[in-house]
Structure formats: C-alpha cells, structure tokens
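Take a look at the structure set out below.
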Amino acid sequence: MNSNVKQNDEIIYSMNEALTEEHRQGLRPLERNEEQKFCTQALRLNNNKIKDLTGFSDAITTLLSEPFQLAWVDLSYNLIPRIDPVLTELPELRVLYLHGNKIAKLSEVDKLGVLPCLHTLTLHGNAVENEKGYRGYLIKMLPHLKSIDFCTVTKEETVMAKIWHRTTARSKATQRSQQ
C-alpha cells in the first residue's frame, strides 16, 4: 500500500494524516476485505515529512487487514530521528527502508535485534552512516541481515564484523579497567 501521496500530492506529516490520505494506486489495485481494510504485507510512507511514528500501531490496525503480518515498510525520505520501538512489534518484518532520514546514533540499530526475519535494511543518507565502523556494527548487531543499503552482506564481512566487535569490546574493557 502506498499511503504517501494524495491525489493532489499532499505531504504527510504524521501517522494520523496517513489515515485520512487516499492511497495511490499501483500497477494493480489492492484487495480489500469485508471491512474495507487493505490486504497487503507492504506499507509505503516514503517521501513525506514524518518526524515520528506516534500513532503507527493505530494506523496499521485501521488500514490493514493483518497489520502484524507486515513484511515490508518503507519510511525512506522522511524526517525520522530515531528508530521507534513500534517497529519492533512487527514480528514478520523482513524489509525496512529508513534511508534519507535523520538517524544519527548507531545504537538506534540495536532495537532491531529483536526482529528475527529482518534481512534487508537501508540507513544510507542518515548521519549514522558516517559513524566509524557503521557497516560492521550493523552486521554484528543484526547478523541475520542479507542486505544493507542495497548491498549484499558477504561472508567475509560477517567474519570481519565478529573480529572487529571482539577487539572493540576488549579495547573498551581495557580502557575501563585503567580508569
């Protein structure tokens, strides 16, 4: 479902606004159930000015026939500064696009570790991608990822991320014991 643009191309600023917008038709019309909820496992709210996900659960429950079966969420090109815990309540989430937002802290990624099916994540275009060890950190914290920022995670990267994490952890422990 693409709820990002109304017929007259209005921008969505909040999840409440997403409820009132008319979804854009794709190549094929989305099915609706008897309650007129969309039968889809994908939600596209990209290219808006959403700053937080307040009301996200209510929105997906209102719009989707099976909200907790969401497998693909596109929140790219918004103004989101952090990874909202509401995303961790989607046990079937496989693909999460967050590129082009305002996420600055690498530790925000830790929240996604509870999503066992997540295999594709995008964060490029956020300040976080400039953090030292960005890709290695993502691979270590989310070892089930197969793709980061549209690039496949290699076996070599997985091995290197484990080594990097061990040496970084030892270095921090040494620094703490010296203080």
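Side chains included, hydrogens not; waters and symmetry mates left out as well; all remaining heavy atoms used. Computed from a predicted model, the values in this text were never measured in an experiment.
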Main-chain N/O of [Y] paired with [X] side-chain donor or acceptor, under 3.5 Å:
{"X": "N101", "Y": "I103", "answer": "no"}
{"X": "N16", "Y": "S14", "answer": "no"}
{"X": "K51", "Y": "N78", "answer": "no"}
{"X": "D52", "Y": "T54", "answer": "yes"}
{"X": "R44", "Y": "A42", "answer": "no"}

Determine the minimum heavy-atom distance between [X] and [Y], stating which atoms define it.
{"X": "G125", "Y": "E129", "result": "N-OE2, 2.9 Å"}
{"X": "G136", "Y": "A161", "result": "O-CB, 3.5 Å"}
{"X": "L75", "Y": "L53", "result": "CD1-CD1, 3.9 Å"}
{"X": "P91", "Y": "C117", "result": "O-SG, 3.7 Å"}

Quick check on E31: does its CD atom have over 12 non-hydrogen neighbours (other residues, nucleotides or ligands) under 6.0 Å away?
no
Output every pair passing ring-ring contact (aromatic ring centres under 6.0 Å, His included) with a member in residues 109-132, not counting sequence neighbours, ordered by first then second residue.
H99-H124, H124-F150
Kindly compute the distance separating CD (E10) from OG1 (T20), expressed to the nearest 0.5 Å.
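Rounded to the nearest 0.5 Å, the CD-OG1 separation comes to 8.0 Å.
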Can you check whether [X] reaches [Y] side chain to side chain, under 4.5 Å on heavy atoms?
{"X": "L121", "Y": "Y97", "result": "no"}
{"X": "P116", "Y": "H144", "result": "no"}
{"X": "L45", "Y": "I50", "result": "yes"}
{"X": "D110", "Y": "M141", "result": "yes"}
{"X": "L87", "Y": "F56", "result": "yes"}

Side chains of N126 and Y134: donor-acceptor distance under 3.5 Å anywhere?
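Absent: no donor and acceptor within the cut-off.
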K111: which residues meet the salt bridge (charged side-chain N to carboxylate O under 4.0 Å, His left out) condition with it, sequence neighbours left out?
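Salt bridge (charged side-chain N to carboxylate O under 4.0 Å, His left out) check on K111 returns E108.
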Give the intermediate values and the outcome of side-chain contact (heavy atoms from CB on, under 4.5 Å) for residues L123 and L138.
CA-CA 10 Å; L123 286 167; L138 295 181; 4.0 Å; yes
Determine whether [X] and [Y] fall in the same hydrophobic cluster, where Ile, Leu, Val, Met, Phe, Trp and Tyr are linked whenever their side-chain heavy atoms lie under 4.5 Å apart.
{"X": "L19", "Y": "M15", "value": "yes"}
{"X": "L96", "Y": "L90", "value": "yes"}
{"X": "L43", "Y": "L30", "value": "yes"}
{"X": "I80", "Y": "L112", "value": "yes"}
{"X": "Y137", "Y": "L98", "value": "yes"}

Carefully, step by step, assess S57 and V86 under the rule side-chain contact (heavy atoms from CB on, under 4.5 Å).
CA-CA 7 Å; S57 291; V86 73; 3.1 Å; yes
Stepwise side-chain contact (heavy atoms from CB on, under 4.5 Å) check, I139 with L145
CA-CA 7 Å; I139 294 167; L145 287 180; over 6 Å; no
Listing, residues 63-74 side-chain donor-acceptor contacts under 3.5 Å, not counting sequence neighbours, or none:
from, atom 1, to, atom 2, distance (Å)
S65, OG, F38, O, 3.2
D74, OD1, S76, N, 2.9
D74, OD1, S76, OG, 2.6

Evaluate side-chain contact (heavy atoms from CB on, under 4.5 Å) for K49 paired with L79, printing each intermediate quantity in order.
CA-CA 6 Å; K49 299 209 184 253; L79 302 171; 4.0 Å; yes
Test K155 against E157 for salt bridge (Lys or Arg N to Asp or Glu O under 4.0 Å), laying out the working first.
CA-CA 5 Å; K155 289 180 183 178; E157 284 181 305; over 6 Å; no
